[in-house]
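Accompanying notes for the structure given below.
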Amino acid sequence: MNLCASRKCLDIAGRATSHSSSLSRTWSSTLVIQHRCYAAAAAQKTKEKTAVASAAPPATSRKAGKAVTPQQAAKDDVAAENALENEIENLETMRRLTESNQLDMTSVPLELLDLHVPTWRSYKENASLADHLRAITQTLRNSVLNAQSLYRMAKVRSIPGVKPKSPWSWQLFSTQSTKPTAWLSPFRQAALEVYKQVNEAIAARDEKTVKALSVGDQQGIYVKLLRSQDPRYIHVWKFHGERTPCRVVSVRAQEAYYGPKPPRMGSRLAVQALVRFDTLQSVESYSKRTGARVNETEPKPVVEYLVFQKRMWSDTPWVIRDRLYEGLELKATLPSYL
């Protein structure tokens, strides 16, 4: 079989591999195509009366009738490997869903619930007495909904890291507590860890980590910030500690798993929690070419209100999905269970 026929076989087999939707079908198609190519090459060889002198391979290969440079061929190989990895991940996901016999409820988007930044006064310009009273009313209402959400979570044992003996406890009114014995203390530690990982990933242009720990509009904001950085420099985000401990100021829990059977792990609840961060942080910049430090900012205080979300039936980390601000008017409707 001559060299051109061999390459044609490999090219056809590669195209069959990249366009197949199933690994088994891909393997079968490749075998059949290669068999036909070898047969055609053998028939052609018997008809030829002169031997083809061996020669050095050309600097370019041929694909679909067009010359392809080695660099382009290498890029095509990388793209084919990525496509194969994605195919394997999809098959693994389907296998897990088949074994657990569950519907994939994680793909259903969740709306932002009526989380609220508590405040005892209105931030409106020239606020009237009615505006201040409305702000106080919303803060009191937020406290009631916090307790109700904690009760729902405790009732089905969906408080992260805690298994309360009874949903009726004074801990229902400890949403904003920073004590290590509070029900939400393990969650606060997890939220702080996610907060640090996301900021480090943005500075390091680690898009994979950012997408794994954020969703929705906030993910788009993070990715846009990540891609806008100058690639000539390497940035390092530094965490210098908390000025005040992070605390949960608002939490909501409602049923979001609508399968006919209960989930095999966790509960039917989806939880959103608004966490206030008050930290000291800085950024260092280094030249990618020389490695020399070109800039360093002084540690400065940063206050943020971030919304964390988790589907309690899924073994996935808490993710950041939104950012709220003090004085922001209530923009979400009441949960359906109220």
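Computation of the quantities below employed the complete heavy-atom set of this structure, encompassing side-chain atoms and omitting hydrogens, waters and symmetry-equivalent molecules.
- Contact of the V319 side chain with the S214 side chain is not registered, since no non-hydrogen atoms from C-beta on lie closer than 4.5 Å.
- Residue pairs meeting the ring pair (Phe, Tyr, Trp, His ring centres under 6.0 Å) criterion with at least one member in residues 121-154, sequence neighbours excluded: Y151-W168.
- Residues satisfying the side chain to side chain donor-acceptor pair (under 3.5 Å) criterion with K211, sequence neighbours excluded, are E207.
- Listed by chain and residue number, nothing satisfies the side chain to side chain donor-acceptor pair (under 3.5 Å) test with S185 (two or more places apart in sequence, or in another chain).
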Quick one, L306 with V275, criterion side-chain contact (heavy atoms from CB on, under 4.5 Å). Give me CA distance, side-chain angles, the key distance, then yes/no. CA-CA 5 Å; L306 298 178; V275 183; 5.6 Å; no
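- Shown here are the side-chain contact (heavy atoms from CB on, under 4.5 Å) partners of Q197, two or more places apart in sequence or in another chain: E193, L213.
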Applying side-chain contact (heavy atoms from CB on, under 4.5 Å), run through E296 and K238 and close with a yes or a no. CA-CA 10 Å; E296 180 182 7; K238 295 288 186 178; over 6 Å; no
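- Contact annotation: the side chain of P263 approaches that of R268 to within less than 4.5 Å [non-hydrogen atoms, C-beta and beyond].
- Here the side chains of D114 and R141 are in contact, with some heavy-atom distance below 4.5 Å.
- In this view, N82 and V78, E85 satisfy the side-chain contact (heavy atoms from CB on, under 4.5 Å) rule, not counting sequence neighbours.
- A distance-only check finds no donor-acceptor pair linking the side chain of S314 to the backbone of K310 [under 3.5 Å].
- If you take OG on S177 and CD on Q171, they are separated by 7.0 Å, rounding to the nearest 0.5 Å.
- In this structure, K196 places its NZ atom where more than 12 heavy-atom neighbours from other residues, nucleotides or ligands lie under 6.0 Å away.
- Counting only heavy atoms from C-beta outward, the side chains of R311 and L110 approach each other to under 4.5 Å.
- Judged by distance alone, the side chains of D131 and S128 do bring a donor and an acceptor atom under 3.5 Å apart.
- Scanning for side-chain contact (heavy atoms from CB on, under 4.5 Å) contacts around V303 gives R243, R276, D278, Y305, with sequence neighbours left out.
- Using modelled atom types, one finds no donor on one side chain facing an acceptor on the other under 3.5 Å when comparing R252 with Q272.
- Residue W120 is found in a hydrophobic cluster whose other members, listed by chain and number, are I136, L140; membership requires side-chain heavy atoms under 4.5 Å apart, directly or through intermediates.
- Considering all non-hydrogen atoms of both residues, V117 and E326 come closest at CG1-CG, 3.6 Å.
- Rounding to the nearest 0.5 Å gives a distance of 8.0 Å between CD of Q281 and CZ of F239.
- Side-chain contact check for T119 and R121: no donor-acceptor pair (N or O, by modelled atom type) lies under 3.5 Å.
- Separation of atoms NE2 (H235) and CD (Q229) is listed at 4.5 Å; rounding is to 0.5 Å.
- Looking at heavy atoms from C-beta onward, R323 lies out of side-chain contact with I221 at the 4.5 angstrom threshold.
- For the ring pair (Phe, Tyr, Trp, His ring centres under 6.0 Å) condition, the pairs that include at least one residue of residues 191-223, sequence neighbours left out, are Y195-F277.
- Interatomic distance, T175 OG1 to L274 CG, rounded to the nearest 0.5 Å: 11.5 Å.
- Taking the ring pair (Phe, Tyr, Trp, His ring centres under 6.0 Å) definition, one finds that Y233 meets it with nothing, sequence neighbours left out.
- In this model, a donor atom of one side chain and an acceptor atom of the other lie less than 3.5 Å apart for S287 and T290.
- Shown here are the side-chain contact (heavy atoms from CB on, under 4.5 Å) partners of K208, two or more places apart in sequence or in another chain: D206.
- Under the 4.5 Å side-chain criterion, counting only non-hydrogen atoms from C-beta, L184 is in contact with L150.
- Within the structure, the ring pair (Phe, Tyr, Trp, His ring centres under 6.0 Å) test picks out the following pairs touching residues 169-188 (sequence neighbours left out): F187-W318.
- Judged as a salt bridge (Lys or Arg N to Asp or Glu O under 4.0 Å), and not counting sequence neighbours, K300 has no contacts.
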